[in-house]
2 protein chains.
Amino acid sequence: MLNQAGSLDRVFQALADTTRREIVARLIRGPASVSELARPLAMSLPAVMQHLQVLEACGLVRSEKAGRVRTCHIEPGVLRMAEDWITAQRTAWEHRLDRLGDYLTEHCDSPDQGSTQ
Amino acid sequence: MLNQAGSLDRVFQALADTTRREIVARLIRGPASVSELARPLAMSLPAVMQHLQVLEACGLVRSEKAGRVRTCHIEPGVLRMAEDWITAQRTAWEHRLDRLGDYLTEHCDSPDQGSTQ
DNA sequence: AGAAAAGTTAACCAAATGCTTGACTATTCG
DNA sequence: CGAATAGTCAAGCATTTGGTTAACTTTTCT
């Protein structure tokens, strides 16, 4: 249950590269072959393959080979895992602001100056 | 609006490390000094400093030094940027599913033209 | 059969990462 | 003042990352 950590490591690591995010964004519109993915990408085919391996290793992308073409598609569940971590943090942050607000209201009864940034 | 890319690179990269996510999670609960952050972290102080530099470089954390203690706090806006990217992808994915549903419904009823791509 | 297309493997390389230790600078406290 | 505290700087080092090129294997097309 706590080796969610390694999993999150891999997903965020996978997303930490413009090329890989572009691949994800492309795959979101629908499945694509390796060379379709490579075409707009100003780099060699093996380089694209390596990005694909990173994306598959973290479960963000899956692929099957039929004939000589490998078709890749996205696996949106893993995206959600990353999203959830961030959301949890932001939620905790807002809770903290609420509690802070309560504390200030309760203890220093001053007119609201609202220094929200 | 496209050099968001480098910025996203840095944020996701910053989040792609368990130690740094722990620092973020700690800071979400409130500001802390460098050695407070380091205490639960099974590594040397300079190592923690380097993580902190990564977090500051992407704008996720900010800090000021008062006397001999540096106090760090979180900057939640940047978190949101990462969240937004992921959410946008997931939203696009669901739109695609909708369109796909429409397409299938339409195609099983009336023999119209296809070729959406 | 032979050539083109699509992918894969391997070897190599430069740069970035994630740590370490040791020395050094301020600041605060007794 | 002198010692402890808090942080910083600088090397150094092993590993990972992101790319390359070259050679090779399968399909598929003519």
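Remember, it's a predicted structure, so these values are computed and weren't measured experimentally. Chain identifiers are assigned alphabetically (A, B, ...) following the order of the sequence lines, protein sequences preceding nucleic acid strands; residue numbering begins at 1 within each chain.
- Counting only heavy atoms from C-beta outward, the side chains of A:Leu52 and A:Leu55 approach each other to under 4.5 Å.
- The CG atom of A:Leu27 sits 9.0 Å away from the CG atom of A:Leu60 when rounded to the nearest 0.5 Å.
- Side-chain N/O atoms of A:Ser44 include one lying less than 4.0 angstrom from OP1 or OP2 on D:dT20.
- Here B:Trp85 contributes atom CH2 and A:Leu79 contributes atom CG; the two are 6.0 Å apart, rounded to the nearest 0.5 Å.
- Taking for each of A:Val69 and A:Leu45 the nucleotide of DNA chain D with the nearest heavy atom, the 5'-most of the two is the partner of A:Leu45.
- At a non-hydrogen distance threshold of 4.0 Å, nothing from residues 24-37 of chain B comes into contact with DNA chain C.
- Atom NE2 in B:His51 sits about 17 Å away from atom C1' in D:dG7, given to the nearest Å.
- Checked by distance alone, B:Arg68 brings a side-chain donor or acceptor within 3.5 Å of a matching partner on the base of D:dT5.
- Mapping A:Gly67 and A:Gln13 onto DNA chain D by nearest heavy atom places A:Gln13 at the nucleotide closer to the 5' end.
- Atom pair A:Glu64:CD and D:dT26:C1' shows a separation of 18 Å (rounding to whole Å applied).
- To the nearest 0.5 Å, atoms CD (B:Glu36) and CZ (B:Arg39) are separated by 6.0 Å.
- Between B:Glu94 and B:Arg90 there is a salt bridge, since a side-chain N of the basic residue sits under 4.0 Å from a carboxylate O of the acidic one.
- Remark: A:His73 NE2 is packed, more than 12 non-hydrogen atoms of other residues, nucleotides or ligands lying under 6.0 Å away.
- Counting heavy atoms of neighbouring residues, nucleotides and ligands inside a 6.0 Å radius, atom CZ of A:Arg96 exceeds 12 of them.
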Taking it one step at a time, do B:Leu15 and A:Ile86 satisfy side-chain contact (heavy atoms from CB on, under 4.5 Å)? CA-CA 9 Å; B:Leu15 294 178; A:Ile86 303 184; 4.2 Å; yes
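- Residue A:Met49 is the one, among A:Met49 and B:Ala42, whose nearest nucleotide of DNA chain C lies closer to the 5' end (criterion: closest heavy atom).
- Atom CG of A:Leu52 is separated from atom P of D:dG19 by 13 Å (rounded to the nearest Å).
- Put simply, chain B comes within 4.0 Å of DNA chain C, heavy atom to any atom, from C:dG18 to C:dT28, going 5' to 3'.
- If you take CD of B:Gln53 and P of D:dG7, they are 14 Å apart, rounded to a whole angstrom.
- Each of A:Lys65 and A:Gln50 lies near DNA chain C, and the nucleotide nearest A:Lys65 is the one positioned closer to the 5' end.
- Considering every non-hydrogen atom in both B:Ser35 and B:Leu45, the closest pair reads CA-CD1, 4.3 Å.
- Between the CG atom of B:Asp17 and the P atom of D:dT15 there is a distance of 18 Å, rounded to whole Å.
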